[in-house]
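Keep in mind that what you see is a predicted model, and the values were worked out from it rather than measured.
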Amino acid sequence: MLPIFPNIDWFFTSILDMLLALVLFIYINYEHTIKINRLTRKQKKNINPKKTVIYIGMVIFVVVFIAGLFPYKPVAVMSNSMVPDFYRGYVVICKKINSKDASNIKIGDILQYQLERNAIIHRVTNIEEEDGKLYFTTKGDNNEFPDTKRVEENQVMGIVKFKIPYIGYPSVWFSEFLFKRKSNIQT
């Protein structure tokens with residue numbers, strides 16, 4: 001079945017493999033139960049695997065979305081640098097962009113970009129072009145001064161499109177637990 005989807009990465013391949021195996025197991029188990037036991041129509045309806053397959057599909061969709069395999073991806077906000085627009089513990093939905101799409105960025109857009117090891121989410125306050133490359137000056141809404149380093153177009157990962165309050169706290173707490181200190185990720 002996998003040759004139908006050429007050039008997919010290992011994560012998506014493994015999810016498809018697991019999904020196929022799980023659906024086959026559920027179907028074979030259902031058929032085996034029907035043949036071995038004498039069941040009424042109501043009993044057969046109660047053990048019908050259609051609902052289970054739908055639930056598995058929904059779980060797979062959520063996992064793939066969280067993993068960032070769609071054009072939009074969720075990102076947990078780890079600091080209060082963008083208050084009052086969004087707070088620590090919010091989840092923002094970022095539309096992924098590449099360096100070709102960077103020319104569509106405007107002043108006032110909120111970017112997610114990579115700076116060293118950290119993913120940062122700040123607002124664009126100025127755009128400059130030097131030698132055919134775009135450079136963005138960013139600033140957190142709650143910060144007093146703009147960021148010291150300009151963002152190059154190849155560092156931009158996405159543009160914030162939506163925000164969802166409070167559902168990012170498990171990620172924040174897990175990060176703090178994992179690193180045994182307050183999160184140092186600036187957003």
Backbone N/O of S171 and side chain of S175: donor-acceptor pair under 3.5 Å: no

Side-chain donor or acceptor of D109 paired with backbone N/O of K106 under 3.5 Å: yes

Nearest heavy atoms of C94 and V75, plus distance in Å: SG-CG2, 4.1 Å

Side chain to side chain donor-acceptor pair (under 3.5 Å) involving E128 - partner list, sequence neighbours excluded: N126, R150

Donor-acceptor under 3.5 Å (Q43 side chain, T40 main chain): yes

Donor-acceptor contact below 3.5 Å, side chain E153 vs main chain L134: yes

T138, N118, N154 screened by side chain to side chain donor-acceptor pair (under 3.5 Å) with Y113, the one that passes: T138

Ring centroid separation F61 to F70 under 6.0 Å: yes

The single option from D85, T137, I107 passing side-chain contact (heavy atoms from CB on, under 4.5 Å) against R123: D85

Parallel, tilted or perpendicular: rings of Y90 and Y87 (30°, 60°): tilted

Flag if over 12 foreign heavy atoms under 6.0 Å of NZ, K95: no

salt_bridge(D101, K96) N-O dist < 4.0 Å: no

Flag, side chain of K139 to backbone of N143, donor-acceptor distance under 3.5 Å: yes

Side chain to side chain contact (heavy atoms under 4.5 Å, CB included) between V156 and I97, worked out: CA-CA 7 Å; V156 177; I97 64 169; 3.4 Å; yes

